[in-house]
Amino acid sequence: MAEKVVLIDGNSIAYRAFFALPLLNNDKGVYTNAVYGFTTMLLKILEEDQPDHLLVAFDAGKTTFRHKTYKDYKGGRQKTPSELSEQFPVLKELLDAFGIKYYQLEQYEADDIIGTLATQAGDKGLDVKVISGDKDLLQLVSDNITVSLTKKGITNVDTYDPEFLMEKMEVRPDQVIDLKALMGDSSDNIPGVPGVGEKTAVKLLKQFDKLENVYNQLDEVSGKKLKEKLETNKDEAFMSKELVTINRDSPIEVSLEDLTFKGYETHTVSQFFKELGFQSLLSRVQEGGEGDTETAVDEIDIEVVSEISSELFTGKEAMVVEMLHDNYHQSPIEGISIVNDEKKYFMTIEQATDSEAFKAWAENPEQEKWVFDAKAATVALLHHGIHIQGITFDLLLASYLINPAENNHDIPAISHRMGETGVQYDEEVYGKGAKMKLPDEETFRSHIGRKADMIFRLKKQAEDQLKQNEQFELYQELEMPLALILGEMEHQGVRLDVDRLKGMGEELEGRLDKVQEEIFELAGETFNLNSPKQLGPILFETLELPVIKKTKTGYSTSADVLEQLADQHEIIPKILLYRQLGKLKSTYIEGLLKVVHEDTNKIHTRFNQALTQTGRLSSIDPNLQNIPIRLEEGRKIRQAFVPSQEGWVMFASDYSQIELRVLAHIAQDEKLMQAFKEGLDIHTQTASEVFGVAQDEVTSDMRRQAKAVNFGIVYGISDYGLSQSLGITRKEAQAFIDKYFESYPGVKDYMGETVSEAKRTGYVTTFMNRRRYLPDITSRNFNKRSFAERTAMNSPIQGSAADIIKKAMIDLDHRLKEENFQATMILQVHDELILEAPEEEVEKLKEVVASVMTSTVDLDVPLEVDYSYGPTWYDAK
DNA sequence: TTAATCACGC
DNA sequence: GACGTACGTGATTAAC
């Protein structure tokens, strides 16, 4: 059977749906009726037609090539109601969720895209189905192209083939344009011949076959009036014909292969339906629903090994070390699956640990292992005394580098993006939350077997993609080795002085009680001080303080608001103090005590290496990258972070101004580079430039403002952001920024170039070719576009800094091992490395750490690090 | 469970 | 001029 191609006229169907359905909105107040109607139509097509190729075509901008012929084309049309236009982005998100391609082309209409693709597919002998509400498309009908037009509602359609067209309209497909040329079309403002309607037009076409013949043989037209009308409107008629003719050779950049549709991920779609509030459609995509394209799980033959022998291994196997929970420091291993090009196995962790053959294989670096999340597998197996080596492929890291913007880096989502199906989401198999549990053994073994199988199948494609993006080195030389180092750091953990922490907690508790008491006294009533919703009315109604900012739900009571009210009422400083202390107690004292391991007094964070959009790491469970430092009160928390052995010290080393140095290098800005080469204080230097005074005339306030500007440059904040952080107007903030660019013209040029590069390629890159895609950079929405532009300027800076410290970690790890240091890295906080080391190694460590960190890359400005050490992290300042 | 608000770091 | 503004993690409240 021929493959089936379905082409949908997106605008037309969305319009139909919008007007056919009442103006529904969901609980967020977003209108969804057009999206809803479109979805019902889509589900019907997926169920009934099961297309092999699928595309939704949209109209592009306001003008099309037809406007050159006739400037009033589609003139007089009602403007698209905003209630509908706001639904188009949502509709596109929906299509993304389904994994359905959509396309639009400047200067062309959806019709032309459809006409071009339908013609191409038809020529290849494929079955084409076009879906629209627009009769113009009937001209495409042929032996293998049908056109379905919506009747009443959206899902009710008439499907036209040549016979049906003849029966209904008494014309052949090729005559549709002649018909329109004669009768015109008021909705598109196509004139046609005034006074000629459908009846007359059909009669003429029956007699003369086509428009040209009507005019060639005008004498033979019966009726004087009609002849006159045709005569005087000849130009309009021919122009109309040109206007309604669909372009079948549009310069489209998609091919049929791009449209291949292999079904959608049930999980992703139902998630999206839930967000939109499409409860009634859920059953159609979920298990047992009639439209269930749920991960078609192929039969898989998993062999449960009875005895592990070296013969099982070929030297290239994919492996899944399965755990039910994501914290691999704690979660038990439920089973292991191994897939190579010969067989698929399942084994229990007991079988694996009891087997010398398994250990020999696992610890042999020559035997390749391909996994998803090397760090998790490595750490989990370490708990069983297995030091796995030879991991040469990590699907998680590959997927992250290919596109960090994807928020789903799990095996089913990745495989779907790579055009494969066959793996279910863990949630589908295990359930979630409290209901999570192992399924029956057979199901479990098949599930993790399919995962390993998918890793095996996707390796080549993922690596090819990385190579194509010139990211293979980044992947293989940076992220992969780093994963193992991070695993060691996490596994090693950080020792906490639990008693000290508890002592601080008790002290805080006393102070909190006292402050709370005082606040209630001043407020004249007791209430839940942790509830902004309750605090708001007390401050702004009972105490009648001026309202500075509101949130969606009421008064804002955030710190920046309260600070502005600080001298208006003595309750305010007390609330700020309560908040500050409360944060320390709940997040840091109690939070850390909750995750400390009782037997070792250690905490084991997890660094997420595949999350941030810039390439930085993040840290969870606990987050050790946001331990207080700014305020002395909070900084004391660091006194509880201690070395794991007697006679050891905490050693911290941080890059000084790494982002600004990276910026100086990338932008090749002479002044900025010079400042760093001379070892100037960069904030003072910037102040001197921006305020136009000599270095020694820079006041501390000027330096403070300049620092905020530098900060803004590094983090890509807007004039608004800068105005907020300095408490000045947006205009003043903009003036600062302008002045900054004047001072550092190289930076200004760099910013401009980066943005235009992003517009050209769609992404920006770092030193090591890390990518960040910025689809919004060409958005017509000012906000989205501005945000994308700032991201374009900032990401290469922040991301390159992340590249550098990651590389430094790898270099340092090598050096420490090579030179037999006992010292080890235990934490990374973006521009800072924290180690613990025996006191006697400190002198050597100072030299090694500093030299490795400063020489890991060679920039046109020097890199500098500051280091220090002491008995606790607090003292390493 | 999920959204909103707040606060900590870089 | 629009409009809502760096990236993360986590605690808490208050709705469901």
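Proteins get letters first, then strands, A, B, ... in listed order; numbering begins at 1 in each. Below, all heavy atoms of this structure are taken into account, side chains as well, without hydrogens, waters or symmetry copies.
- A side chain to side chain contact (heavy atoms under 4.5 Å, CB included) with A:Tyr588 holds for exactly one of A:Leu508, A:Leu593, A:Leu501, A:Ile627; it is A:Ile627.
- Side-chain N/O atoms of A:Ser531 and base N/O atoms of C:dT13 include no donor-acceptor pair closer than 3.5 Å.
- Within 4.0 Å (heavy atoms only), A:Gln534 reaches sugar-phosphate atoms of the nucleic acid but no base atom.
- A:Glu659 places its CD atom 14 Å from the P atom of C:dC7, with the value rounded to the nearest Å.
- Listed nucleotides: B:dG9, C:dC7, C:dG10. Nearest to the side chain of A:Thr612: C:dC7.
- As a whole-Å value, the separation of A:Leu611 CG from C:dG8 P is 6 Å.
- Here the side chain of A:Arg579 is nearest to one of C:dT12, B:dT2, B:dC6, namely B:dC6.
- Side-chain atoms of A:Tyr715 lie closest to C:dA6 of the nucleotides C:dA6, C:dA11, B:dC8.
- At a threshold of 4.0 angstrom between heavy atoms, the contacts of A:Gln724 with the nucleic acid are absent.
- The shortest distance between the side-chain N/O atoms of A:Arg630 and the OP1/OP2 oxygens of B:dC8 is not below 4.0 Å.
- You'll find a donor-acceptor pair under 3.5 Å spanning the side chain of A:Arg616 and the base of B:dC10, going by distance alone.
- Under the 3.5 Å distance criterion, with hydrogens and angles disregarded, no donor-acceptor pair is assigned to the side chains of A:Thr854 and A:Tyr655.
- Between A:Leu535 atom CG and B:dC6 atom C1' there is a gap of 11 Å when expressed in whole angstrom units.
- Here A:Ser718 lies in heavy-atom contact (under 4.0 Å) with a base.
- At whole-Å resolution of the value, CG in A:Asn608 and P in C:dG10 are 11 Å apart.
- In the displayed structure, A:Glu517 atom CD is contacted under 6.0 Å by at most 12 heavy atoms of other residues, nucleotides or ligands.
- Using a 4.0 Å cut-off, some side-chain N or O of A:Asn528 falls inside it from OP1 or OP2 of C:dT13.
- Among the protein residues, A:Ser619 comes within range of the sugar-phosphate backbone only, with heavy atoms under 4.0 Å from sugar or phosphate atoms but none that close to a base.
- At the phosphate of B:dC6, OP1 or OP2 sits under 4.0 Å from a side-chain N or O atom of A:Thr557.
- Between A:Lys533 and C:dA15 there is a side-chain polar atom (N or O) within less than 4.0 angstrom of OP1 or OP2.
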Intra- and inter-strand pairs of DNA chain C in dot-bracket (Watson-Crick or G-U wobble, both distances under 3.5 Å; | for another strand): ......|||||||||.
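- Picking from B:dC6, C:dG4, B:dT5 the nucleotide with the shortest atom distance to the side chain of A:Arg730 gives C:dG4.
- Atom name C1', nucleotides C:dG4 and B:dC10: the rounded distance is 23 Å, in whole Å.
- The interatomic distance linking A:Leu581 (CG) with B:dC6 (C1') rounds to 15 Å, in whole Å.
- When distances run from any side-chain atom of A:Asn783 to the nucleotides B:dA7, C:dA6, C:dC3, the shortest one goes to C:dC3.
- Contact check, A:Gln580 against B:dC8: no side-chain N or O comes under 4.0 Å of OP1 or OP2.
- Counted by atom type alone, A:Ser619 and A:Thr605 present one or more donor-acceptor pairs between their side chains at under 3.5 Å.
- Minimum atom distance to the side chain of A:Ile629 is reached by B:dC10, of the listed C:dT12, B:dC10, C:dA2.
- The shortest distance between the side-chain N/O atoms of A:Thr553 and the OP1/OP2 oxygens of B:dT5 is below 4.0 Å.
- When rounded to the nearest whole Å, the span between NZ of A:Lys552 and C1' of C:dA14 equals 15 Å.
- In this structure, A:Asp621 reaches the sugar-phosphate backbone alone: every heavy-atom distance under 4.0 Å involves primed, P, OP1 or OP2 atoms, never a base.
- Residue contacts shown for A:Phe787 are limited to sugar-phosphate atoms, with no base heavy atom under 4.0 Å away.
- The nearest whole Å value for the distance from the CD atom in A:Glu563 to the P atom in B:dA7 is 9 Å.
- Among the nucleotides B:dC10, B:dC8, C:dT5, the one closest to any side-chain atom of A:Val829 is B:dC10.
- Separating the CG atom of A:Asn327 from the C1' atom of C:dT9 is a distance of 15 Å, rounded to the nearest angstrom.
- In summary, A:Glu490 and A:Arg606 do not engage in a salt bridge, as defined by a charged side-chain N under 4.0 Å from a carboxylate O.
- On a pure distance criterion of 3.5 Å, no polar donor-acceptor pair joins the side chain of A:Arg635 and the base of B:dG9.
- Cation-pi check for A:Lys549 over A:Tyr555 is not met; the charged atom does not lie both under 6.0 angstrom from the ring centroid and within 45 degrees of its normal.
- For the P atoms, the distance linking B:dT5 with C:dT5 amounts to 12 Å, nearest Å.
- For the pair A:Arg771 and A:Tyr763, the distance from NZ or CZ to the six-membered ring centre is under 6.0 Å and the angle to the ring normal is within 45 degrees.
- Looking at A:Gln734 and A:Asp738, their side chains do bring a donor and an acceptor atom within 3.5 Å of each other.
- Applying the salt bridge (charged side-chain N to carboxylate O under 4.0 Å, His left out) rule to A:Lys583 yields no partners; only residues at least two apart in sequence or on another chain are considered.
- The side chain of A:Thr551 lies closest to B:dT5 when the candidates are C:dA11, B:dT5, C:dG4.
- With hydrogens and angles left out, the side-chain atoms of A:Asp803 and A:Ser800 include no donor and acceptor closer than 3.5 Å.
- Side-chain proximity of A:Ser556 to C:dG10, B:dC6, C:dG8: nearest is B:dC6.
- Taking only side-chain atoms of A:Phe782, from C-beta outward, the nucleotide of B:dC8, C:dG10, C:dC3 with the closest atom is C:dC3.
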